[in-house]
Novice: 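Just passing along the structure, written as structure tokens.
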Amino acid sequence: MRDFFSFQWHITDECDQRCKHCYIFNKDPDDLITTSMDDLEYIFNNCMNMCNMVNRDPFFYVTGGDPILHPNFWDLIELFKENNVLFGLMGNPFHLTADICRKLKDAGCLVYQLSLDGLKETHDYFRMPGSYKTTLEKIKLLKEAGIKVNIMTTVSKVNMDEIPELIDVVVENGVDTYSFARYCPNGYEENSYMTPEEYHNFLKKCWDKYQQHKDAHTHFDLKDHLWTLFFYEKGMFNIPEDLNEDTIYDGCNCANSHITILPNGDVYACRRMDSCVGNIYDENIISLFMSKKMDEYRKYEKFEKCSECELLRFCRGCPAVAYGYNNSMYAPDPQCWKKI
């Protein structure tokens, strides 16, 4: 098996939730876009050609909006099935039925990612009334069909105190993988901001909870790269002695082994920040991936704080969070507590 290259593919902006932290609904509702079937086929073939050229296997994370609301959703799923391409979905729980879950599994769907952004009251505040209850119900349907369930949380100061208890909830419900990522604001938003000290303490609490559940079925994906700093300071991560200073070993996959495609064909280095490098209808995706615009997201020496840190090639925090607060991905991660 070859290594994977992952595509986060947004096929529609349409969605029946209006989440308070969603970037899509910051724009005019009249600007919502759904990719046509002809264009879906074009993009799919473009991505397949790229993977053949770079000797990688494709993995598509199909999302939206809610991808199931796309009028040609099942045509796209059949395209994956015909080409033996593995895929996952990131969507809402509301349209999942036992039959739909079985059909997705039969087509090769490996994982379905749902969101829980706190306990019941908080999650429904962010999403919509009834979303928390429905999400827990649909975890069971997905697992009965043989599809792995990922739960993702967007963390900010608003919900951070609830996350340790939420971890208990996902374990109790047999979730396969749990992870969280920090909220990326559009400018400074005081009610969501976590200080470096607050975030460090938050990671400590989560790590203690993870250790409590270390024998559980649930895998805890340490998605935030500041975990690397956390483990480094605890003596649980060591920098290799034979370090090649020209190699990036870990950290953000932006412009590395991941790319995002929006419904209008725009290609982003990272969907969580303004990082458009071109449009797939104007230039094929491998040219965009190898372009000078994409190279801007691989200039690690430009990171203002990280470039002075011994963990540069392993961490770099979250450039998208830095961009959200400072309008620059090279700015210091606002939750990084390390003194340089």
Side-chain angles (χ1 to χ4, degrees), residues 14-26 29 63-66 68-69 89-97 112-143 149-195 197-210 212-213 216-224 272 318 321 324-325 334-335:
E14 294 298 332
C15 186
D16 44 16
Q17 292 196 96
R18 295 294 184 271
C19 305
K20 288 180 171 58
H21 51 267
C22 181
Y23 39 77
I24 293 175
F25 289 100
N26 288 330
T63 186
D66 190 348
I68 291 181
L69 295 178
L89 296 173
M90 294 183 282
N92 297 335
F94 304 108
H95 305 288
L96 294 174
T97 65
Y112 198 106
Q113 178 173 298
L114 295 164
S115 295
L116 284 174
D117 290 318
L119 301 174
K120 183 179 183 300
E121 183 178 346
T122 300
H123 176 82
D124 286 358
Y125 162 78
F126 279 119
R127 302 280 171 167
M128 61 182 288
S131 178
Y132 181 86
K133 180 176 180 290
T134 303
T135 298
L136 294 182
E137 291 172 349
K138 298 310 171 72
I139 290 171
K140 181 179 179 181
L141 286 185
L142 288 162
K143 290 183 66 64
V149 180
N150 287 2
I151 291 293
M152 178 70 178
T153 300
T154 301
V155 175
S156 72
K157 191 165 185 173
V158 177
N159 64 352
M160 62 187 297
D161 290 338
E162 296 184 12
I163 305 309
E165 187 175 346
L166 181 63
I167 293 169
D168 292 332
V169 172
V170 299
V171 171
E172 290 167 5
N173 283 271
V175 168
D176 295 282
T177 300
Y178 174 75
S179 61
F180 58 78
R182 284 171 283 154
Y183 174 49
C184 294
N186 296 309
Y188 183 78
E189 297 177 40
E190 188 173 358
N191 71 326
S192 70
Y193 178 74
M194 299 174 286
T195 68
E197 293 75 18
E198 287 173 332
Y199 191 63
H200 189 198
N201 189 52
F202 168 75
L203 290 185
K204 288 180 180 178
K205 291 179 180 179
C206 289
W207 180 245
D208 288 344
K209 185 63 70 171
Y210 291 169
Q212 178 183 329
H213 293 298
H217 168 77
T218 303
H219 167 71
F220 301 108
D221 184 5
L222 307 180
K223 185 178 180 70
D224 193 320
R272 284 157 53 83
C318 181
V321 174
Y325 283 103
Q335 275 81 49

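Computed from heavy atoms alone, side chains included, the values below leave out hydrogens, waters and symmetry copies. Along the sequence shown, residues are numbered consecutively beginning with 1.
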Novice: How long is the span from the CZ atom in Phe180 to the CE atom in Met160, to the nearest 0.5 Å?
Specialist: 9.5 Å

Novice: Would you confirm whether Arg272, through its side chain, and Arg182, through its main-chain N or O, come within 3.5 Å as a donor-acceptor pair?
Specialist: yes

Novice: Do Tyr183 and Val158 touch side chain to side chain, with heavy atoms closer than 4.5 Å?
Specialist: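 Contact flag for Tyr183/Val158 side chains = no.
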
Novice: First locate atom OG of Ser131, then atom NZ of Lys133, and finally report the distance between them rounded to the nearest 0.5 Å.
Specialist: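 Between Ser131 OG and Lys133 NZ, I get 11.5 Å after rounding to 0.5 Å.
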
Novice: What distance separates Glu172 CD from Ile167 CD1, expressed to the nearest 0.5 Å?
Specialist: 12.0 Å

Novice: With side chains defined as the heavy atoms from C-beta onward, is the minimum distance between Val170 and Ile139 less than 4.5 Å?
Specialist: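 In short, these two side chains do not touch, never coming nearer than 4.5 Å.
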
Novice: Which atom names give the shortest non-hydrogen contact between Leu114 and Gly91, and what distance separates them?
Specialist: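 That closest heavy-atom pairing would be CD2-O, 3.6 Å.
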
Novice: Counting only heavy atoms not in Lys223, do more than 12 fall under 6.0 Å of its NZ?
Specialist: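 Open.
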
Novice: What's the separation between atom NZ in Lys209 and atom CD1 in Ile163, rounded to the nearest 0.5 Å?
Specialist: 12.0 Å

Novice: Which pair of heavy atoms, one from Gly118 and one from His123, lies closest together, and at what distance?
Specialist: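 Nearest heavy atoms, Gly118 then His123: O-CB, 3.6 Å.
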
Novice: Measure the spacing between SG of Cys184 and OH of Tyr325 and express it to the nearest 0.5 Å.
Specialist: 8.5 Å

Novice: Side-chain contact test, heavy atoms from C-beta onward, threshold under 4.5 Å: evaluate it for Thr135 versus Ser115 and give yes or no.
Specialist: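 No; the side chains remain at least 4.5 Å from each other.
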
Novice: So do Ile151 and Thr218 actually touch side chain to side chain, heavy atoms under 4.5 Å?
Specialist: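 Sidechains of Ile151 and Thr218: no contact.
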
Novice: Please identify each residue that fulfils side-chain hydrogen bond (donor to acceptor under 3.5 Å, both in side chains) with Thr195, with sequence neighbours left out.
Specialist: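 Residues passing side-chain hydrogen bond (donor to acceptor under 3.5 Å, both in side chains) with Thr195: Glu198.
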
Novice: Do the non-hydrogen side-chain atoms of Asp168 and His213 ever get within less than 4.5 Å of each other?
Specialist: yes

Novice: Might you confirm whether atom NZ of Lys143 has over 12 heavy atoms from other residues, nucleotides or ligands at distances under 6.0 Å?
Specialist: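 For Lys143, atom NZ is crowded (more than 12 foreign heavy atoms under 6.0 Å).
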
Novice: Which pair of non-hydrogen atoms, one from Leu166 and one from Leu116, has the smallest distance, and what is that distance?
Specialist: CD2-O, 3.6 Å

Novice: Show the nearest heavy-atom pair for residues Asp117 and Met152, with the distance to one decimal.
Specialist: OD1-O, 4.2 Å

Novice: Can you see whether His219 engages Asp176 through a side-chain donor-acceptor pair at a distance of less than 3.5 angstrom?
Specialist: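 Looking only at side-chain atoms, Asp176 and His219 do not form any donor-acceptor pair under 3.5 Å.
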
Novice: Output all residues satisfying ring pair (Phe, Tyr, Trp, His ring centres under 6.0 Å) with Tyr199, sequence neighbours left out; order by chain, then residue number.
Specialist: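 Applying ring pair (Phe, Tyr, Trp, His ring centres under 6.0 Å) to Tyr199 gives Phe202.
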
Novice: Tell me, do Tyr132 and Val169 make a side-chain contact under 4.5 Å, heavy atoms counted?
Specialist: yes

Novice: List in chain and number order the residues that pass side-chain hydrogen bond (donor to acceptor under 3.5 Å, both in side chains) with Glu162, two or more places apart in sequence or in another chain; answer none if no residue qualifies.
Specialist: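 Only Thr122 meet the side-chain hydrogen bond (donor to acceptor under 3.5 Å, both in side chains) criterion with Glu162.
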
Novice: Are Asp224 and Gln335 close enough that some pair of their side-chain heavy atoms sits under 4.5 Å apart?
Specialist: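 Answer no - side chains too far apart.
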
Novice: Compare every heavy atom of Gly65 with every heavy atom of Cys15, then report the nearest pair and how far apart it is.
Specialist: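 Answer, listing the atom of Cys15 first, then Gly65: CB-CA, 3.9 Å.
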
Novice: Starting from the C-alpha separation in whole Å, work towards a yes-or-no answer on side chain to side chain contact (heavy atoms under 4.5 Å, CB included) for Phe220 and Val171.
Specialist: CA-CA 10 Å; Phe220 301 108; Val171 171; 3.8 Å; yes

Novice: Any chance you could measure Lys138, atom NZ, to Asn173, atom CG, to the nearest 0.5 Å?
Specialist: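 Reported value, rounded in 0.5 Å steps: 14.0 Å.
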
Novice: Do Phe94 and Asp66 come within less than 4.5 Å of each other through their side chains, counting heavy atoms only?
Specialist: no

Novice: Determine the minimum heavy-atom distance between Lys205 and Pro164, stating which atoms define it.
Specialist: CB-CG, 4.3 Å

